[in-house]
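Here's the structure, in structure tokens; my notes come after.
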Amino acid sequence: QVTELVLDNCRSSNGEIEGLNDSFKELQFLSMANVELTSLAKLPTLSKLRKLELSDNVISGGLEVLAERCPNLTYLNLSGNKIKDLGTVEALQNLKNLKSLDLFNCEITNLEDYRDSIFELLQQITYLDGFDQEDNEAPDSEDDDDEGDEDDDDDENEAGPPGEYEEEDDEDDGASDLGEGEEEEEVGLSYLIKEEIQDEEDDDDYVEGGDEEEEAEGVRGEKRKREPEDEGEEEED
């Protein structure tokens with residue numbers, strides 16, 4: 001059930017592939033960097049293999065085995081090996097699904113028109129040593145995954161359906177309106193009660209004021225009656 005296997009720095013005792021067999025049927029990624037491989041003759045059939053890392057070995061030929069055993073390869077890294085001429089690379093023409101090939105630090109890269117020659121020889125590939133024919137850099141698969149995760153995070157951070165929040169806002173507004181209404185009603189009742197009390201007090205004051213005025217008028221009447229009498233007494237005197 002293994003789909004990825006990394007054997008980097010596991011040195012081969014005789015330059016051959018050891019420990020791998022046809023039981024690794026589900027393998028999609030295999031890395032054997034710096035294993036001192038000189039031959040791929042013992043590479044098992046891995047029909048589901050997509051990526052093969054063989055950098056920093058001592059491979060100089062025998063690449064036709066790859067098309068026979070790993071026909072669905074899309075990525076092949078042969079950087080840092082002993083590949084010197086186009087004839088050796090020509091065996092990769094049968095890898096019809098191959099999209100990316102890395103020959104960095106191989107002697108073949110010193111050939112004149114190296115890049116143009118490889119792209120012409122292997123027309124199925126898109127990227128050579130990490131760049132296409134227009135010198136555009138190949139996208140990093142890990143970066144692509146990260147960008148996908150960021151998109152997912154953005155989707156999660158986006159606001160939900162407007163209806164849900166609008167309904168919540170409406171409920172809050174309704175509650176606040178109701179609370180204000182109740183407060184207004186309470187204030188109105190207390191205000192009316194106070195007004196009634198003040199009215200009653202005003203009525204009492206008015207009545208009392210009337211009595212005082214009547215008493216004052218009575219006093220004035222007595223004074224008027226006394227004044228003529230006083231005047232008469234003064235005349236008699």
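Computed from a predicted structure; not experimentally measured.
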- Note on the structure: Sequence neighbours excluded, the answer for side chain to side chain donor-acceptor pair (under 3.5 Å) partners of Lys48 is Glu26

- Sorted by chain and residue number, the side chain to side chain contact (heavy atoms under 4.5 Å, CB included) partners of Asp85 (sequence neighbours excluded) come out as Thr88

- Item | Least distance between heavy atoms, Asn97 atom then Pro71 atom | ND2-O, 3.8 Å

- Partner set under side chain to side chain contact (heavy atoms under 4.5 Å, CB included) for Ser39, not counting sequence neighbours: Glu16, Ala41

- When every non-hydrogen atom of Glu18 is compared with those of Asn14, the smallest separation belongs to OE2-OD1, 3.3 Å

- Task: Any chance you could pull the hydrophobic cluster mates of Phe29, using side-chain heavy atoms under 4.5 angstrom and chaining through other members?
- Result: Val6

- Message: Which residues pass the side chain to side chain contact (heavy atoms under 4.5 Å, CB included) test with Glu137, not counting sequence neighbours?
- Response: Phe131

- Audit row: Leu5, Leu20, side-chain contact (heavy atoms from CB on, under 4.5 Å) steps and yes/no: CA-CA 10 Å; Leu5 182 60; Leu20 285 179; 3.5 Å; yes

- Item | Considering all heavy atoms, the nearest Asp132-Phe119 contact | C-CZ, 3.8 Å

- Query: For Asp22, which residues count as a side chain to side chain donor-acceptor pair (under 3.5 Å) partner, sequence neighbours excluded?
  - Reply: none

- Message: So, using salt bridge (charged side-chain N to carboxylate O under 4.0 Å, His left out) as the criterion, who are the partners of Glu64 when residues are at least two apart?
- Response: none

- Hits for side chain to side chain contact (heavy atoms under 4.5 Å, CB included) against Glu90, two or more places apart or cross-chain, chain-then-number order -> Gln93, Leu121

- State, to 0.1 Å, how close Leu37 and Met32 come at their nearest heavy-atom pair, and which atoms those are. CD1-CE, 4.1 Å

- Task: Return the set of residues passing salt bridge (charged side-chain N to carboxylate O under 4.0 Å, His left out) with Arg11 (not counting sequence neighbours), or none when no residue passes.
- Result: Glu36

- If a pair satisfies salt bridge (Lys or Arg N to Asp or Glu O under 4.0 Å) and one of its residues is in residues 69-82, list it, with sequence neighbours excluded. none

- Task: Specify the closest pair of heavy atoms between Leu78 and Leu76, including all atoms of both residues, with the distance to one decimal.
- Result: CD1-CD2, 3.7 Å

- Note on the structure: Residues passing the side chain to side chain donor-acceptor pair (under 3.5 Å) test with Asp116, sequence neighbours excluded, are none

For residues 99-108, dump all side-chain donor-acceptor pairs below 3.5 Å to protein atoms at least two apart in sequence or in another chain.
from, atom 1, to, atom 2, distance (Å)
Asp102, OD1, Phe104, N, 3.0

